[in-house]
There are 2 protein chains.
Amino acid sequence: MKYVEKLRKSGLRPTKQRLQICEVLFDREETFHFTINQLEQKIKNQINGKISLATVYNTVHAFEKKGYLKQIPINSNQTYFDTNVTDHHHFYDLKDEKLIDLDDSDVGPIKILKKVNGKKIKSVEVLVKLED
Amino acid sequence: MKYVEKLRKSGLRPTKQRLQICEVLFDREETFHFTINQLEQKIKNQINGKISLATVYNTVHAFEKKGYLKQIPINSNQTYFDTNVTDHHHFYDLKDEKLIDLDDSDVGPIKILKKVNGKKIKSVEVLVKLED
DNA sequence: ACACTTCTTTAGAATAATTATAAACTACAT
DNA sequence: ATGTAGTTTATAATTATTCTAAAGAAGTGT
């Protein structure tokens with residue numbers, strides 16, 4: 001399994017559940033945007049067995065902490081995550097409640113001219129809301 | 001009362017509670033960023049009486065629908081609102097969980113080059129996360 | 001293989017933000 | 001004043017997320 005080493009290197013034991021979640025998350029061409037519930041559904045469709053919702057939460061948070069996932073700031077009732085952990089921006093389709101990646105070439109460079117005393121910039125994220 | 005007319009014009013009855021909330025929200029020099037719970041606290045400090053949490057929710061949502069408030073897209077456990085309904089950007093101080101306005105002169109112009117079939121851009125918002 | 005420790009999974013309970021409900025109340029028009 | 005439609009309110013319901021504690025699995029040393 002190609003994820004066994006990756007997990008072990010991160011100090012995470014390669015359990016059956018984590019490997020299954022890795023497959024759902026990372027065995028794909030394109031960036032994957034998801035909520036916990038959507039992910040749980042995908043996992044349950046893909047595997048032949050049960051997985052606890054708590055495990056999905058645990059794993060997603062563990063992966064986020066290790067830098068394999070990131071949260072996307074949207075005001076939705078559910079939290080969105082992204083398998084693309086590079087600095088990038090998003091379209092959010094309000095009607096379909098779906099995220100679409102923007103890569104850097106789609107957005108001009110963003111300059112932040114204001115400074116805040118004693119704080120440094122951790123990230124700069126653009127959210128472009130789309131309507132019909 | 002200066003808010004009576006404003007409310008009536010929007011088709012909202014100028015009730016005692018709504019007028020009190022207007023004072024807390026709009027009788028100030030600077031933009032006000034808040035969560036429902038913070039707003040509830042401010043109201044209870046300011047007035048000499050009770051207000052139901054449900055009323056705070058109702059009113060904030062009514063004002064949002066009428067365009068007097070807008071939601072700010074952040075992933076927090078609580079929803080943030082803003083009395084500044086113009087298109088503008090934010091710092092979010094991760095440690096203090098506080099929002100700071102950026103005005104347009106603080107952020108260079110943002111070009112969105114990508115188009116999505118049949119959709120148009122409703123808003124472009126930048127969130128700059130700050131850490132120590 | 002075995003024992004032992006530590007990490008992980010799990011079901012279910014707990015928490016917390018938000019929304020729904022339905023009865024009492026209030027603004028407003030007639 | 002009376003009627004009606006909108007509003008407030010306490011409380012219940014809902015929903016996403018986190019917590020808990022017991023059972024299970026992985027890793028280490030023997």
Side-chain angles (χ1 to χ4, degrees), chain A residues 1 3-24 33-44 47-66 68-81 97, chain B residues 1 3-24 33-44 47-66 68-81 97:
Chain A
M1 296 292 236
Y3 297 113
V4 172
E5 260 319 291
K6 184 179 175 182
L7 287 170
R8 244 193 288 256
K9 262 192 263 179
S10 314
L12 298 172
R13 290 185 180 171
T15 63
K16 185 184 58 169
Q17 291 87 341
R18 283 177 179 162
L19 293 169
Q20 287 166 341
I21 293 174
C22 279
E23 284 173 35
V24 174
H33 302 112
F34 62 93
T35 66
I36 296 285
N37 286 303
Q38 288 166 358
L39 178 59
E40 193 198 8
Q41 270 323 107
K42 288 244 182 209
I43 295 164
K44 289 195 168 161
I47 68 177
N48 225 358
K50 304 179 217 309
I51 190 163
S52 169
L53 180 58
T55 302
V56 182
Y57 272 99
N58 288 341
T59 304
V60 167
H61 288 144
F63 286 6
E64 189 196 7
K65 192 178 265 176
K66 296 297 178 184
Y68 302 140
L69 291 174
K70 69 183 243 186
Q71 249 184 280
I72 303 172
I74 300 181
N75 273 114
S76 161
N77 50 333
Q78 288 179 77
T79 304
Y80 273 86
F81 292 90
E97 296 186 337
Chain B
M1 296 293 237
Y3 298 114
V4 172
E5 260 319 290
K6 184 180 173 181
L7 287 170
R8 244 195 287 257
K9 263 192 264 178
S10 314
L12 298 172
R13 290 186 180 170
T15 63
K16 185 184 59 170
Q17 292 86 342
R18 283 176 179 162
L19 292 169
Q20 287 166 342
I21 293 174
C22 279
E23 284 174 34
V24 174
H33 302 112
F34 63 93
T35 64
I36 296 285
N37 287 304
Q38 290 165 357
L39 178 59
E40 193 198 9
Q41 269 324 107
K42 289 244 181 209
I43 296 164
K44 290 196 168 161
I47 68 177
N48 225 358
K50 305 182 216 309
I51 191 164
S52 168
L53 179 57
T55 302
V56 182
Y57 272 100
N58 287 343
T59 304
V60 166
H61 289 144
F63 286 6
E64 189 196 7
K65 192 179 265 177
K66 296 296 179 184
Y68 303 141
L69 292 173
K70 68 184 246 189
Q71 250 185 278
I72 303 172
I74 300 180
N75 274 115
S76 160
N77 49 334
Q78 286 179 80
T79 304
Y80 274 86
F81 293 90
E97 297 186 338

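All values below come from the heavy atoms of this structure, side chains included, with hydrogens, waters and symmetry mates left out. Here is the naming used below: chain letters follow the sequence lines, and residue numbers restart at 1 for every chain.
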(Q) side-chain contact (heavy atoms from CB on, under 4.5 Å) for A/Phe63 and A/Leu7? Distances and angles first, verdict last. (A) CA-CA 9 Å; A/Phe63 286 6; A/Leu7 287 170; 3.7 Å; yes
Q: Please report, rounded to the nearest Å, how far the P atom of D/dA16 is from the CD atom of A/Glu40.
A: 11 Å
Q. When you check the phosphate oxygens OP1 and OP2 of C/dT18, does a side-chain N or O of B/Tyr57 lie under 4.0 Å from one of them?
A. yes
**Q.** Spacing of B/Lys65 atom NZ relative to C/dT19 atom C1', expressed in whole Å
**A.** 13 Å
Q) Considering only C/dT10, D/dT9, C/dA27, which nucleotide approaches the side chain of B/Ile51 most closely? A) D/dT9
Q. At under 4.0 Å, does any side-chain N or O of B/Arg18 touch on OP1 or OP2 of D/dG6?
A. no
Q: Evaluate whether atom NZ of A/Lys6 has more than 12 neighbouring non-hydrogen atoms of other residues, nucleotides or ligands under 6.0 angstrom away.
A: yes
Q: Please tell me if the side chains of A/Leu12 and A/Tyr3 come closer than 4.5 Å, counting only heavy atoms from C-beta onward.
A: no
Q: Give a yes/no answer on whether the side chain of B/Thr55 brings an N or O atom under 4.0 Å of OP1 or OP2 in D/dT9.
A: yes
(Q) Quick check against the 3.5 Å criterion: does A/Arg8 have a side-chain atom that pairs as donor or acceptor with the backbone of A/Pro14? (A) no
**Q.** Of the listed nucleotides D/dA16, D/dT9, C/dA11, the one nearest the side chain of A/Asn77
**A.** D/dA16
Q) Looking only at side-chain N and O atoms, does B/Thr15 come under 4.0 Å of OP1 or OP2 in D/dG6? A) no
Q. If you check every side-chain atom of B/Arg13, which of C/dT18, D/dT11, C/dA27 has the closest atom?
A. C/dA27
Q) Parallel under 30°, tilted from 30 to 60°, perpendicular over 60°: which one fits the rings of A/Phe34 and A/Phe81? A) parallel
Q | Short side-chain N/O contact from A/Arg8 to OP1 or OP2 of D/dG27, under 4.0 Å | A | yes
Q.
Looking at A/His61, I'd like to know whether one of its side-chain N or O atoms comes within less than 4.0 Å of OP1 or OP2 on D/dT17.
A. no
Q. Hey, does the side chain of B/Gln17 come within less than 4.0 Å of C/dT26's phosphate (OP1/OP2), counting only N and O?
A. no
Q: Give one of base, sugar-phosphate or nothing for B/Thr35, where a contact means two heavy atoms less than 4.0 Å apart.
A: nothing
(Q) Heavy atoms from C-beta onward define the side chain here; which of C/dT18, C/dA11, D/dG27 lies closest to that of A/Pro14? (A) D/dG27
Q. Atom NZ of B/Lys16 and atom C1' of C/dA27: how far apart are they, to the nearest Å?
A. 14 Å
